[in-house]
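To keep things clear, I will list the structure first and then write my remarks on it.
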2 protein chains.
Amino acid sequence: MIRITKQTDYGIVLLTHLASAPDGLRTAPELAAEARLPLPMVSKILKALTRSGLLDSHRGAKGGYSMTRPAEGVSVAEVITSIEGPIGITECIDDVPGECGYAATCGVRSNWNRINLAIREALEQISLAEMGPVSSKSLVSLGGARDQDGQQPGGTEATQ
Amino acid sequence: MIRITKQTDYGIVLLTHLASAPDGLRTAPELAAEARLPLPMVSKILKALTRSGLLDSHRGAKGGYSMTRPAEGVSVAEVITSIEGPIGITECIDDVPGECGYAATCGVRSNWNRINLAIREALEQISLAEMGPVSSKSLVSLGGARDQDGQQPGGTEATQ
DNA sequence: GAGAATCTGTACCGAAAGGGTACAGATTCA
DNA sequence: TGAATCTGTACCCTTTCGGTACAGATTCTC
């Protein structure tokens with residue numbers, strides 16, 4: 001199956017929650033409670049998002065995490081790349097050249113790159129603001145009162 | 001990572017080889033030797049492609065596999081679906097409704113479906129004929145002399 | 001300055017999926 | 001009748017992912 005990992009799925013939800021925080025700041029335990037996810041998992045995801053520059057971390061007693069950019073300016077592709085690495089459905093990723101030992105004789109390589117690019121572009125066109133439930137209402141009410149409503153990830157608990 | 005399975009990768013290569021067969025017929029051992037893959041693996045993949053209608057199987061002494069349609073008319077999406085099942089990067093696939101227990105409260109569901117659709121469309125626009133090395137030369141010379149050149153899948157042997 | 005609260009980093013374990021193999025059976029042609 | 005082929009099932013091994021635990025560093029508050 002062509003699937004994103006659960007961590008990425010969780011990451012999208014966590015960022016959506018963070019974007020809805022009135023003061024723009026949330027601690028890891030707060031986010032874990034809101035998204036109903038285990039704290040160590042949340043902490044691991046937030047760390048990855050911080051290292052990639054999507055989040056700012058504030059240490060100390062009144063610390064927490066805050067977004068470096070508004071949700072409208074963050075694409076889903078950025079979130080996936082932050083947590084999983086470069087986007088591509090095969091190991092043939094033009095961002096990482098020279099990794100495939102069969103590149104010289106492999107005829108399908110350049111064509112897979114075309115497909116990888118198409119998928120990447122599709123993911124880059126969706127912003128984080130469009131992923132939340134607010135998308136069906138108003139995209140500018142991100143600072144409003146909307147949290148702790150028990151949102152869950154995109155269906156990762158379904159059949160398996 | 002968003003990845004197709006090796007079986008799908010192999011399947012693309014096997015179909016490319018099959019499309020280049022002069023008489024349009026190849027046995028599983030022949031294809032295994034050409035693609036340099038283990039026979040049981042090849043057999044398993046060919047069976048899946050046969051069940052989905054992409055291949056015809058001919059049993060008996062002079063049997064083998066042949067394509068039911070020309071490579072130009074087979075999309076990469078069809079091959080992936082034949083081997084892996086419905087295409088979608090989350091379990092939220094609109095082809096399989098009612099599987100997600102959180103659908104009622106999950107705000108990101110409809111947006112993931114948009115992304116899944118975009119990816120599916122990208123894969124449907126690439127035909128099998130465009131995946132082979134012949135794509136850079138001539139698409140109509142599929143019946144020509146081009147085989148057993150040791151082609152390998154799309155880079156699955158790279159780093160791991 | 002001490003203590004509490006927070007983020008940071010590493011290491012580890014168990015479960016699940018995928019990759020790969022083996023074997024017995026059914027079918028067709030010579 | 002026998003050889004060659006496809007069909008189907010079952011099984012094991014490896015890798016990856018999800019999840020947990022623990023020690024350390026930083027910052028604010030009293």
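Keep in mind that this is a model prediction, so the values were computed, not measured. Lettering of chains follows the sequences in order, A, B, ..., and the numbering in each one begins at 1.
- Across C/dA26, C/dC7, D/dG19, the shortest atom-to-atom separation from the side chain of A/M41 is found for D/dG19.
- The neighbour count for B/R51 CZ, taken as heavy atoms of other residues, nucleotides or ligands under 6.0 Å away, does not exceed 12.
- Comparing atom distances between the B/Q7 side chain and each of C/dG19, D/dT5, C/dG20 picks out C/dG19 as nearest.
- For B/Y10 and C/dG20, the shortest distance from a side-chain N or O to OP1 or OP2 is below 4.0 Å.
- Within the 4.5 Å cutoff, side-chain heavy atoms of A/T50 are placed close to those of A/Y65.
- Comparing D/dG18, D/dA25, D/dT9 against the side chain of A/T5 picks out D/dG18 as the nearest.
- Judged by closest nucleotide on DNA chain D, B/L46 is the one of B/L46 and A/P40 placed further toward the 5' end.
- Each of A/L39 and A/A61 has a nearest nucleotide on DNA chain D; the 5'-most of these lies closest to A/L39.
- Straight-line distance from the NE2 atom of A/H58 to the P atom of C/dA5: 20 Å, rounded to whole Å.
- Residues B/S66 and B/H58 meet the side-chain proximity criterion, which asks for heavy atoms closer than 4.5 Å.
- Residues B/S75 and B/Q125 have side chains that never bring a donor and an acceptor to within less than 3.5 angstrom of each other.
- Note on B/K62: only backbone sugar-phosphate atoms sit closer than 4.0 angstrom, heavy atoms only; bases stay farther off.
- When distances run from any side-chain atom of B/K6 to the nucleotides C/dC7, D/dT7, C/dG20, the shortest one goes to C/dG20.
- The phosphate of D/dT7 has OP1 or OP2 within less than 4.0 Å of a side-chain N or O from B/S57.
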